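A short worksheet on the structure shown next.
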Amino acid sequence: MVSPTNFLLQTFLWLALAATAFSLSPNFYHNVCPLALPAIKRVVEAAVHKERRMGASLLRLHFHDCFVNGCDGSLLLDSTSSFETEKNARGNLNSIRGFEVVDQIKAEVDRVCGRPVVSCADILAVAARDSVVALGGPAWKVRLGRRDSTTASRTLADNVLPSASMDLPALINNFKNQGLNKRDLVALSGGHTIGLSQCVIFRNRVYNATNIDTAFAKERRATCPRTGGNTNLAPFDPTPPRFDTAFFKNLVKERGLLTSDQALFSGGSTNKLVETYSRNPDAFWVDFSKSMIRMGNIKPLTGKQGQIHVNCRKVN
């Protein structure tokens, strides 16, 4: 029998989660600025058309924003005398990109809306979805109504962003700390079907791993020497400009670029899900969409919390 105290606690937690879910809505800007979402889509499509890699970069911005104290636009803030920017965190420094495109989106959205009504946090969420769609992936209804943070934390970013060297238990725990499960972990990792990684990130795997296809390792070593070439780029899968299931097919063949990628298919509890996604694009698309919505619900600022930034790089 559940004690009255535990029952009250469970009820409180349920209500808190429900309040978060209901405070964000796909229709949040319908009356305030119906031109906002089409404006975001236009700028994203132009940016991705100009550079296909930008789609992956914008998706990654939303992911790295949400994992550090929630989806609140804090990743976009530059350093001040009060805090150091999250852009300098280990998982972001010299790799996170796309800030100029976010600036362009913000300027266009504020222009069509007549004033700053769309938060930078919401811009990241919508731009991530529109980037995936622009690269041939699924669409989903983005819940909106987030507000922007007035602070940032490089220290927290250092501690909570998942590392490319993590094994499966560490990855599962990392996502669990964000309220996400194993299915979310595998589905969201599938975002690596687009984009590129730097040699410094995957060097150790292609030279030292034992669970790696030898021909694949040799191919990657050709552009990633043991010393030097840290910023040389390689694709996560053979079709980086296209949102598909090639990433999962690679994992089944032990051709995962990162240690944390191959960890998803290394004899552990996520093997079956990787196999399913490798064979069934529809299953991947459905789960990816659901997991993006779940990730987008991580600790949003709503109501009178936070601000609507005039400049995504600065607190008002």
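Values in this document were obtained by computation on a predicted structure and should not be read as measured data.
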(message) What verdict does the side chain to side chain contact (heavy atoms under 4.5 Å, CB included) test give for Arg147 and Ile308, after you've listed the backbone C-alpha separation in whole Å, the side-chain angles of each residue and the deciding distance to 0.1 Å?
(response) CA-CA 6 Å; Arg147 288 170 66 85; Ile308 303 297; 3.7 Å; yes
(request) Before giving the answer on side chain to side chain contact (heavy atoms under 4.5 Å, CB included), spell out for Leu76 and His309 the whole-Å C-alpha distance, their side-chain angles and the decisive distance to 0.1 Å. (result) CA-CA 10 Å; Leu76 304 175; His309 288 163; over 6 Å; no
(message) With rounding to the nearest 0.5 angstrom, report the CG to CG distance, Asp237 to Leu196.
(response) 10.0 Å
(message) Among Val186, Thr276, Val274, Thr245, exactly one meets side-chain contact (heavy atoms from CB on, under 4.5 Å) together with Phe284. Which residue is that?
(response) Thr245
(request) Grab the two heavy atoms, one from Lys87 and one from Leu77, that are nearest each other, plus how far apart they are. (result) CE-O, 4.0 Å
(request) Provide the closest heavy-atom pair for Val48 versus Ala134 in the form atom of the first, atom of the second, distance. (result) CG1-CB, 4.1 Å
Scan the side chains in residues 159-168 for donor-acceptor partners under 3.5 Å anywhere in the protein, sequence neighbours excluded, and list what turns up.
{"residue": "Asn159", "atom": "ND2", "partner": "Thr155", "partner atom": "O", "Å": "3.2"}
{"residue": "Ser163", "atom": "OG", "partner": "Ser165", "partner atom": "N", "Å": "3.1"}
{"residue": "Ser163", "atom": "OG", "partner": "Ser165", "partner atom": "OG", "Å": "2.8"}
{"residue": "Asp167", "atom": "OD1", "partner": "Ala170", "partner atom": "N", "Å": "3.1"}

(request) Using a cut-off of 6.0 Å, state whether more than 12 heavy atoms not belonging to Arg242 lie near its atom CZ. (result) no
(request) Measure centre to centre between the rings of Tyr277 and Phe265, then say whether the value is under 6.0 Å. (result) no
(message) Between Arg97 and Ser57, do the side chains contain a donor N or O and an acceptor N or O under 3.5 Å apart?
(response) yes
(request) Any chance you could measure Ile212, atom CD1, to Gln262, atom CD, to the nearest 0.5 Å? (result) 7.5 Å
(message) If I compare all heavy atoms of Phe236 with all of Ile194, which pair ends up nearest, and what's the gap?
(response) CD1-O, 3.9 Å
(request) Examine the side chains of Ser74 and Glu86 and answer whether a donor and an acceptor come within less than 3.5 Å of each other. (result) yes
(request) Not counting sequence neighbours, list each pair that qualifies as a ring-ring contact (aromatic ring centres under 6.0 Å, His included) and has a residue in residues 94-145. (result) Trp140-Phe288
(request) Verify side chain to side chain contact (heavy atoms under 4.5 Å, CB included) between Val112 and Arg42, making sure each step is shown before the conclusion. (result) CA-CA 12 Å; Val112 300; Arg42 279 196 308 274; 4.0 Å; yes
(message) Quick test of your reading of the model: are Arg146 and Asp122 salt-bridged, counting only N-O distances below 4.0 Å?
(response) yes
(message) Show the nearest heavy-atom pair for residues Asp130 and Leu37, with the distance to one decimal.
(response) OD2-O, 4.4 Å
(message) Do Phe83 and Thr80 have side chains that approach each other closer than 4.5 Å (heavy atoms only, starting at C-beta)?
(response) yes
(request) For the residue pair Asn211 and Arg205, confirm or rule out a side-chain donor-acceptor distance under 3.5 Å. (result) yes
(message) Within the 4.5 Å heavy-atom criterion, are Leu180 and Leu185 side-chain neighbours or not?
(response) no
(message) I'd like to know if Arg111 pairs up with Glu108 as an ion pair, taking the criterion as any Lys NZ or Arg NE/NH1/NH2 lying under 4.0 Å from an Asp or Glu carboxylate oxygen.
(response) yes
(message) Closer than 4.0 angstrom, basic N to acidic O: yes or no for Lys249 and Asp244?
(response) no
(message) Assess whether a salt bridge exists between Lys253 and Asp213, defined as any Lys/Arg side-chain N lying under 4.0 Å from an Asp/Glu carboxylate O.
(response) no
(message) Side chains of Arg183 and Arg294, heavy atoms from C-beta outward: is any pair under 4.5 Å?
(response) no
(message) Are the side chains of Pro235 and Arg220 in contact, using a 4.5 Å heavy-atom criterion?
(response) yes
(request) Kindly compute the distance separating CG (Leu58) from CG (Leu135), expressed to the nearest 0.5 Å. (result) 9.5 Å
(request) Verify side chain to side chain contact (heavy atoms under 4.5 Å, CB included) between Gln198 and Asn230, making sure each step is shown before the conclusion. (result) CA-CA 6 Å; Gln198 295 183 20; Asn230 282 353; 5.6 Å; no
(request) Would you check if Lys106 and Pro116 make a side-chain contact, meaning some heavy-atom pair closer than 4.5 Å? (result) yes
(message) Please determine whether the number of non-hydrogen atoms from other residues, nucleotides or ligands lying under 6.0 Å from atom CG of Asn177 exceeds 12.
(response) yes
(message) On a heavy-atom basis, which atom in Gly296 and which in Leu24 lie closest, and how many Å separate them?
(response) O-CD1, 4.1 Å
(request) Have a look at Ser197 and tell me which of Leu258, Asn232, Leu233 forms a side-chain contact (heavy atoms from CB on, under 4.5 Å) with it. (result) Leu258
(message) So, taking the atom named OG in Ser189 and the one named CG in Leu171, what distance separates them when rounded to the nearest 0.5 Å?
(response) 6.5 Å
(message) For Arg221, I'd like to know if atom CZ has over 12 heavy atoms of other residues, nucleotides or ligands within 6.0 Å.
(response) yes
(message) If I compare all heavy atoms of Arg203 with all of Gly229, which pair ends up nearest, and what's the gap?
(response) NH2-C, 4.3 Å
(request) May I ask you to test the Met295-His62 pair for a side-chain heavy-atom distance under 4.5 Å? (result) yes
(request) List in chain and number order the residues that pass ring pair (Phe, Tyr, Trp, His ring centres under 6.0 Å) with Phe175, two or more places apart in sequence or in another chain; answer none if no residue qualifies. (result) Phe67
